[in-house]
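Here the structure comes first, spelled out in structure tokens, and everything after it is commentary.
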Amino acid sequence: MSASKQNILGLYRRCLRSAKRINDVGQRMIYLDYLKDGFNRKVNLPPNSREAIVAYQHGVDQVTDMEYYQQMAKSKHEQGTTKNKSNTLSLIVEEVATNAAQATKIRNQSPDVEVLSWLKSQLPHLREEDAASYCKSLIEQGFDSVAFIEEELVEDDLDFMKGAHKRVLVRQLKNTRYP
């Protein structure tokens, strides 16, 4: 999957179309803020870089989930299985938008999430237990932001990692610093 500018703009338009389907104005505004914030934070990533591809795939997954929930609500509405037809889509979208807003709030407050996301972008096949352990170790050593990790992290700081993971991460860091 390519994270070209054309694909990213297509994803952004798809997200905006999905947002237009949210009936509740307040929830629509929350989702739009979440959407704009997410795209603005990643605007300077080089197209087709590993981090851009991971961010693009994450966006595709999120909008696909949103569209799925919207379609589910529409289907239930059409089948007449819900008693309160006008609130079904709003309730589902409200829950998704609330979760998205909470995720943004957590991401903005917690270095754990930032470091964990970075680890997963560098080592996309990393198991959750390893990712959590590595994230904890990095933060305990003072590497609590991606900018600091990418500037200061050296191979000796990664002695807590499994050998293969360490090799891949060191190679990724070298490619980031000396492209």
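For this chain, numbers begin at 1 and follow the sequence in order.
Identified under the salt bridge (Lys or Arg N to Asp or Glu O under 4.0 Å) test for residues 118-127, with sequence neighbours left out: Lys120-Glu128, Arg127-Glu129.
Considering NZ of Lys136 and CG of Leu116, their distance stands at 14.0 Å, rounded to 0.5 Å. The distance from atom CD1 of Ile22 to atom CD1 of Ile30, rounded to the nearest 0.5 Å, is 9.5 Å. Put simply, CD on Glu155 and CG on Leu169 are 10.0 Å apart, with the number rounded to the nearest 0.5 Å. For the atom pair Leu123 CG and Asp130 CG, the distance stands at 9.5 Å (nearest 0.5 Å). Distance CD/Gln57 to OG/Ser121: 14.0 Å, rounded to 0.5 Å. Here CD of Gln62 is found 8.0 Å from SG of Cys15. Values are rounded to the nearest 0.5 Å.
Side chain of Asp157 to main chain of Val154: a donor-acceptor pair is present (N/O by atom type, distance under 3.5 Å, no hydrogens or angles). For Tyr134 (side chain) and Lys162 (main-chain N/O), a donor-acceptor pair under 3.5 Å exists by modelled atom type. For Asn40 (side chain) and Lys36 (main-chain N/O), a donor-acceptor pair under 3.5 Å exists by modelled atom type.
Under a hydrophobic clustering in which Ile, Leu, Val, Met, Phe, Trp and Tyr are joined whenever their side-chain heavy atoms come within less than 4.5 Å, directly or via other members, Leu16 and Phe39 fall into the same cluster.
With sequence neighbours excluded, no residue forms a salt bridge (charged side-chain N to carboxylate O under 4.0 Å, His left out) with Lys5. Annotation: salt bridge (charged side-chain N to carboxylate O under 4.0 Å, His left out) contacts of Asp159 (sequence neighbours excluded): Lys166.
Glu150 and Trp118 are linked by a side-chain donor-acceptor pair at a separation below 3.5 angstrom, with hydrogens and angles left out of the test.
Few gaps surround CD on Glu140; more than 12 heavy atoms of other groups in view lie less than 6.0 Å from it.
Electrostatic pairing of Glu67 and Arg14 counts as a salt bridge here, judged by a charged N lying under 4.0 Å from a carboxylate O.
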